[in-house]
Amino acid sequence: MSDLLLKIRDLKIEGRSDETWNPIINGIDVDLKKGEVLGMIGESGAGKSTVGLASMGYTRDGVRISNGSVVFDGVDLVTASAAVKRDLLGKRIAYVAQSAAASFNPAHKLIDQHSEGPVQHGVSSRTDSEQDGMELYRRLRLPNPDEIGFRYPHQVSGGQLQRAMTAMAMACRPDLIIFDEPTTALDVTTQIEVLASIRDIVEQFDTAAIYITHDLAVVAQMADKIKVLLKGDEVEEADTRTMLSSPKEEYTKSLWAVRSFERPAKPAINVKATPVVSIHNVTAAYGTVDVLHDVSFDIHAGRTVAVVGESGSGKSTTARCITGLLPPRIGHIEFDGQQLPLDYKKRDKSQLRQAQMIYQMADTALNPRKSIGETIGRPVEFYMGLTGKEKRKRVDELLAEIELEPTEYFHRLPSELSGGQKQRIGIARALAAEPKFIICDEVTSALDQLVAEGILRLLAKLQDELGLSYMFITHDLATVRSIADEVVVMKDGSVVEQGPKLDMFQPPHHPYTDLLLSSVPEMDPDWLTNLLQERGVDNIGDAAVDKM
Amino acid sequence: MAGLSKIILQRLLLGIATLFAVSIIIFIAVNALPGDFAQSILGQGATPEAVAAIRDQLGLNASPVTRYLKWLGGALQGDLGVPMSQALFQSFAGASTGGDVITVFDQIVPRLKNTLFLAGVSAAIAVPLAVTLGILTALYRNTAFDKAMNVTTLSAISSPEFFLAYVLILFLAVLNPVFPSLSNIFPGMEFSDRLNKTMLPALTLTLAVTAQMMRMTRAAIINLLASPYIEMARLKGLSPMRVIVKHALPNALAPIITVIALNLAYLVTGVVVVEVVFVYPGIGQLFVDSVKIRDIPVVQACCLIFAAVYILLNLTADILSIVSNPRLRHPK
């Protein structure tokens, strides 16, 4: 009994909206022993972060713990005074946030923020904790560990910041760390390094942890046991291997099944056919710096070309060149064999109509003041010249096409829709122009897996019905596997490899493609261990990229 | 740092261009004032001939463009001209007295010094007070203390300055004679004496400017309290005071600096009423007197100084705001 570090009983949490308190968490129990790692998974809105923060006795503004107890080493954090909690926070319980870039104070150097906790808690002196910080940076395999702490957060990359934040959480050698989606915002090759570092250091210091994530494959690598949450309720909890091999609940099974969606392979491309879109030797620059180098690929009718690569690889810049937002410095774009003017301002309406875009953040891509009917009606009127009843009829058709009931949704505002529904509106808006070709820029990366799968299925259905061609920009190889026909791999503004999907997932391929593929976490709980053994810790992730 | 000096140089050039544009506006506006010096000096009964003669003597009959260029040319060389009252006196007394002409410059400098002294004393009280209160109200937001401070400072800013001045005189000069109610300062005074006499006008001005700076400090800090790095600071178990002073304030500096600069400019250019109440010999009084008698060179010079103060302070605020951003101070 005494080895129980954290005991949460019947935790209920409420959030305030419109002057009333509504339940967010409906009674959750957590038991965590010293040195144990609990993975907490669920979709957005499941309450994972809320529970994670509550296990530190902390709630955000407008949220309150209405019932239950959070007992950490004999102290109930729900009833403890602010001073008692302050003494525990940072010292014995630490937090690692999702976005290290936003959670480091931009005004102070990393090492100052690192030593602040130990000094304020009286755990160690400033010099000692700075020395210790450098040692932790070294253990977390940060480059230049003796120097990196003297930089400001904006001078350090995202993956490095995430590790520096883990080091900061370790500064007082806490008994418990809450990791709140620490790798969600990172590229796969960066993620794998951070995961390896976190797992390593948690084991070294025998720290207990709650690891919050929506990514099952990630949690499989990190956790001893897994708890699944759905809308504030616990679905089930079991040790990691049991949970992966034999989940009991239907919801858990459905989460596990998402990755099984895969389109059947299409017949090979007719090489003689004119591609819908053809990118010829495009080199483009922001200012005087070239960011794309001699990029060429074709997109054929009715097919999906997935453009994959990490942030900064030039995927979105290629899309900007195709749409004419960024005229290429060298090279050109052909559409149905016709060369397009490089600048979108010089393209006529029919040329503009042919290439439409769907964006990553449906939230910001929709005008919050315009109803759904207006948002979709605008391109219907602009491109197709329909007005009045004809326009309404067409908008209704489009809404039906994206599987939303027209009468119910026509007058709604974006704020009255869920994330997945907003993305569907983005699709309808692109379809309104009746294009042959749509660029999908990370359209599923902001969505939960089940919702994302729905969007992918919808896009596949529309492709079959309307013969659309897609350029599908993504960093998620699971998505590529499920929807792509051809794959283009980009790195540092160049195409490193391209070909049919089946070939891309079969060895041998370019070392970078190989690295990307091998960095995607798999559901096997031994995956990370095996990979580290196979390759060695210095040959994974960014370190390996740098060697290329 | 090359980027930073480039930005500063840009702002500086922009400031000069603004000042130039303002000089045109000042000239047009001052010349559009109804009535003129000749008319107001000679009074109601003046014959048109006499008025014309004086206008001619003072060069008021030249075309506006010529007069503007002459004024601007002089101002660029530090010569703001001669007050019309002096010019007229001089021409009546003959050229022999030419040696000790009192120029606009001579008239303005001591007054400006007094005004700057008053502004300096007020700022030395008001800025630390406002920022401290801003921090405290942010720390104890939505408590009785916060509300009381907001009500007090808002009442102060909403009352006319002469009223505040008389209230202070009543309490600090009449009922409890702590400070003198007349601020008749003169050159060569002891500093402590001077400070003593400046205290009441300075306190009046403090009451007038504190509210805005305090509320901006409070708002700028509270605005940041929802950001992830503040949450992080709290989750590190830091005291609320440390969270605000060490983690929120450094990132809230830009808007606070801007408001402080605006209020400092007000302390230099907006103090006429306070100067009149306390008979403080500052530039505001000189300005009002000169407008009364349509002494255009003095009015224009005062306007130009006010504009320059505004531009200079805003420029400083801009540069400090930029410098307060570590992204610009420490590029990648």
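In what follows, every chain begins at residue 1, and chains take the letters A, B, ... in the order their sequences are listed.
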K.L.:
What part of R234(B) lies closer than 4.5 angstrom to a heavy atom of chain A: side chain, backbone, both or neither?
P.N.:
both
K.L.:
Which residues in residues 117-129 of chain A have any heavy atom closer than 4.5 Å to a heavy atom of chain B?
P.N.:
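The residues closer than 4.5 Å to chain B, in numerical order, are G117(A), Q120(A), H121(A).
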K.L.:
Look at R60(A), M56(A), Q98(A) and state which one has the largest set of heavy-atom pairs under 4.5 Å with chain B.
P.N.:
R60(A)
K.L.:
Could you check which of R151(A), Q113(A), M168(A), E116(A) has the highest count of heavy-atom pairs closer than 4.5 Å to chain B?
P.N.:
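Greatest number of close heavy-atom pairs with chain B: E116(A).
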K.L.:
As an exercise: rank S99(A), A97(A), C172(A), A102(A) by heavy-atom pairs under 4.5 Å with chain B and give me the winner.
P.N.:
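The candidate making the most pairs under 4.5 Å is A102(A).
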K.L.:
For S69(A) and D76(A), does a side-chain donor sit closer than 3.5 Å to a side-chain acceptor?
P.N.:
no
K.L.:
Given the ring of Y137(A), does R163(A) sit roughly above its face, with NZ or CZ under 6.0 Å from the centre of the six-membered ring and within 45° of the axis?
P.N.:
no
K.L.:
Quick check on L88(A) against chain B: is it the side chain, the backbone, both or neither that has a heavy atom closer than 4.5 Å?
P.N.:
neither
K.L.:
Mind checking side chain to side chain contact (heavy atoms under 4.5 Å, CB included) for L154(B) and listing every partner two or more places apart, or none if nothing turns up?
P.N.:
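Counting only residues at least two positions away or on another chain, L154(B) forms a side chain to side chain contact (heavy atoms under 4.5 Å, CB included) with I157(B), R215(B).
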K.L.:
With a 6.0 Å cut-off on ring centres, are H154(A) and F104(A) close enough?
P.N.:
no
K.L.:
Measure D61(A) against the heavy atoms of chain B and call it side chain, backbone, both or neither at under 4.5 Å.
P.N.:
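Neither part; nothing is under 4.5 Å.
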K.L.:
Quick one: are R86(A) and P240(B) in side-chain contact, heavy atoms under 4.5 Å?
P.N.:
yes
K.L.:
Think R327(B) forms a cation-pi with Y152(A), using NZ or CZ under 6.0 Å from the six-ring centre and within 45 degrees of its axis?
P.N.:
no
K.L.:
Of the listed residues (A169(A), P106(A), A171(A), A94(A)), which shares the most heavy-atom pairs with chain B below a 4.5 Å separation?
P.N.:
P106(A)
